[in-house]
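Positions are given from 1, in the same order as the sequence printed here. Computed from a predicted model, the values in this text were never measured in an experiment.
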Amino acid sequence: MAERKTIRKWWWEWNFDELEQWLNEMSMQGWALCDVGFCKFTFERCEPGEYIIRLEMRENCDEYISFVEETGAEYIGRAVQWIYFRRKSELGQFELLSDIDSQIEHLGRLAKMTFAIGVMNLAISVMNSINPSFVRSLAWINALCGALMMYATGRVKGRMDALEKERLLREN
């Protein structure tokens with residue numbers, strides 16, 4: 001049986017590219033991602049740099065997974081709405097978000113999700129703060145979560161705006 005190790009790692013969704021970079025650095029050190037969970041990553045020993053790891057936020061889409069697998073990639077798993085793939089480096093470049101439009105679309109999905117979670121948390125916070133039987137200090141937890149998700153939405157929208165400008169420059 002292959003040597004394995006599990007690492008629990010928190011990451012901010014708006015920094016998904018940093019997580020992807022870390023997963024690929026682990027591959028370069030001889031640890032290939034083989035299973036995922038919520039902030040949980042399981043690796044197995046491999047040849048250093050044997051795999052390229054990619055992740056993308058998508059709703060459950062079996063057709064998309066099959067499409068990516070046709071490129072020689074292996075579906076690793078899903079954590080919430082994030083799907084993870086790995087592909088042998090010897091097969092060449094491996095990108096899920098290979099053009100500006102797909103990157104903008106991906107960031108749009110991420111922005112919608114963070115905005116929805118933010119609005120829900122802010123609404124719960126307001127409802128809990130006006131409920132006389134509720135411990136008001138707990139309403140602040142939802143308010144902080146809502147504010148954090150709104151911050152995340154702003155960060156993602158900023159990245160989208162930068163890509164929109166880059167697309168305009170390339171078109172001209």
Side-chain angles (χ1 to χ4, degrees), residues 1-118 120 149 152-171:
M1 184 170 187
E3 182 182 357
R4 289 180 171 230
K5 72 177 177 178
T6 299
I7 298 175
R8 296 190 180 280
K9 181 178 178 69
W10 178 261
W11 59 285
W12 298 109
E13 291 194 343
W14 60 85
N15 288 335
F16 64 90
D17 48 347
E18 290 176 15
L19 175 66
E20 189 176 85
Q21 179 181 350
W22 175 72
L23 294 169
N24 282 294
E25 287 170 4
M26 292 296 291
S27 176
M28 293 303 290
Q29 295 170 19
W31 291 101
L33 185 65
C34 63
D35 193 23
V36 294
F38 180 72
C39 297
K40 178 182 168 188
F41 303 91
T42 303
F43 300 88
E44 61 189 5
R45 270 285 178 211
C46 70
E47 292 297 318
E50 183 176 354
Y51 290 99
I52 298 170
I53 312 297
R54 296 289 178 238
L55 66 141
E56 182 177 359
M57 189 184 130
R58 260 188 192 271
E59 292 181 24
N60 197 5
C61 182
D62 293 335
E63 292 171 8
Y64 180 73
I65 292 170
S66 295
F67 168 74
V68 174
E69 287 178 326
E70 288 175 9
T71 69
E74 178 184 346
Y75 171 70
I76 297 169
R78 171 182 291 283
V80 189
Q81 287 194 351
W82 291 92
I83 53 177
Y84 295 76
F85 295 95
R86 71 182 187 182
R87 191 172 91 161
K88 295 256 185 189
S89 299
E90 64 191 26
L91 296 175
Q93 282 294 103
F94 174 47
E95 296 292 336
L96 295 176
L97 307 170
S98 57
D99 59 50
I100 289 180
D101 289 333
S102 64
Q103 292 172 30
I104 291 170
E105 183 182 321
H106 180 251
L107 290 171
R109 289 191 300 269
L110 181 55
K112 285 178 189 173
M113 193 256 326
T114 57
F115 183 75
I117 292 172
M120 286 188 291
M149 288 295 105
T153 303
R155 293 280 306 261
V156 172
K157 288 285 195 181
R159 289 176 69 175
M160 287 175 66
D161 290 346
L163 285 172
E164 293 279 0
K165 287 178 185 175
E166 184 179 337
R167 181 172 56 193
L168 286 174
L169 288 173
R170 288 184 182 188
E171 289 175 354

Checklist entry - Going through the distances and angles, do L96 and R58 end up as a side chain to side chain contact (heavy atoms under 4.5 Å, CB included)? => result CA-CA 11 Å; L96 295 176; R58 260 188 192 271; over 6 Å; no

Checklist outcome for this item: For Q103 and S98 the tightest heavy-atom approach is NE2-C, 4.5 Å

Item to check | Spacing of CZ belonging to R45 relative to NZ belonging to K5, to within rounding of 0.5 Å | outcome: 7.0 Å

Next on the checklist: Going by ring pair (Phe, Tyr, Trp, His ring centres under 6.0 Å), name the residues that satisfy it together with F115, two or more places apart in sequence or in a different chain.
Outcome noted: none

Checklist entry - Can you tell me how far CD of E74 sits from CD1 of I65, rounded to the nearest 0.5 angstrom? => result 12.5 Å

Checklist entry - Given side chains that start at C-beta, do those of N24 and E20 come closer than 4.5 Å, heavy atoms only? => result yes

Item to check | Nearest heavy atoms of C46 and S27, plus distance in Å | outcome: SG-O, 4.2 Å

Checklist entry - To the nearest 0.5 Å, what is the distance between CG (L107) and CD1 (I100)? => result 11.5 Å

Item to check | Inter-residue atom distance T6.OG1 - K40.NZ, 0.5 Å rounding | outcome: 5.5 Å

Checklist entry - So F16 and L55, side chain to side chain contact (heavy atoms under 4.5 Å, CB included) or not? Walk me through it. => result CA-CA 8 Å; F16 64 90; L55 66 141; 4.3 Å; yes

Checklist entry - Got a second to check how far L33's CG is from I53's CD1, nearest 0.5 Å? => result 5.0 Å

Checklist entry - Looking at D99 and R170, does any basic side-chain N land under 4.0 Å from a carboxylate oxygen? => result no

Item to check | Side-chain donor-acceptor pair present, W82, E13, cut-off under 3.5 Å | outcome: yes

Checklist outcome for this item: Of E69, E59, E56, the one forming a side chain to side chain donor-acceptor pair (under 3.5 Å) with Y64 is E56

Checklist entry - Does R109 reach the main-chain N or O of M57 with its side chain, forming a donor-acceptor pair under 3.5 Å? => result yes

Next on the checklist: Using modelled atom types and a 3.5 Å cut-off, is there a donor and acceptor pairing between side-chain atoms of R87 and backbone atoms of T71?
Outcome noted: yes

Next on the checklist: Any donor-acceptor pair under 3.5 Å linking the side-chain atoms of E25 with those of Q21?
Outcome noted: yes

Next on the checklist: So, applying ring-ring contact (aromatic ring centres under 6.0 Å, His included) with W22, which one of W31, F41, W10 is it?
Outcome noted: F41

Checklist entry - So, for S89 and G49, which heavy atoms are closest and what is the spacing to 0.1 Å? => result OG-O, 2.6 Å

Checklist entry - For E44 and E3, what are the C-alpha separation, side-chain angles and deciding distance, and is it a side chain to side chain contact (heavy atoms under 4.5 Å, CB included)? => result CA-CA 6 Å; E44 61 189 5; E3 182 182 357; over 6 Å; no

Item to check | Candidate pair I104 and E164, rule side chain to side chain contact (heavy atoms under 4.5 Å, CB included), full reasoning | outcome: CA-CA 8 Å; I104 291 170; E164 293 279 0; 3.7 Å; yes

Checklist outcome for this item: Note: W14 and D17 closest approach over all heavy atoms is O-OD1, 4.3 Å

Checklist entry - Between the main-chain N or O of F94 and the side-chain N or O of R54, is there a donor-acceptor pair closer than 3.5 Å? => result yes

Checklist outcome for this item: One should read off an interatomic distance between I52 CD1 and E90 CD, to the nearest 0.5 angstrom, of 10.5 Å

Checklist entry - At their closest point, which heavy atom of C34 faces which heavy atom of R4, and how far apart are they? => result SG-NH1, 3.6 Å

Checklist entry - Around atom CD of E63, are there more than 12 heavy atoms of other residues, nucleotides or ligands at under 6.0 Å? => result no

Next on the checklist: With heavy-atom distances below 4.5 Å as the criterion, would you say the side chains of L23 and R86 are in contact?
Outcome noted: no

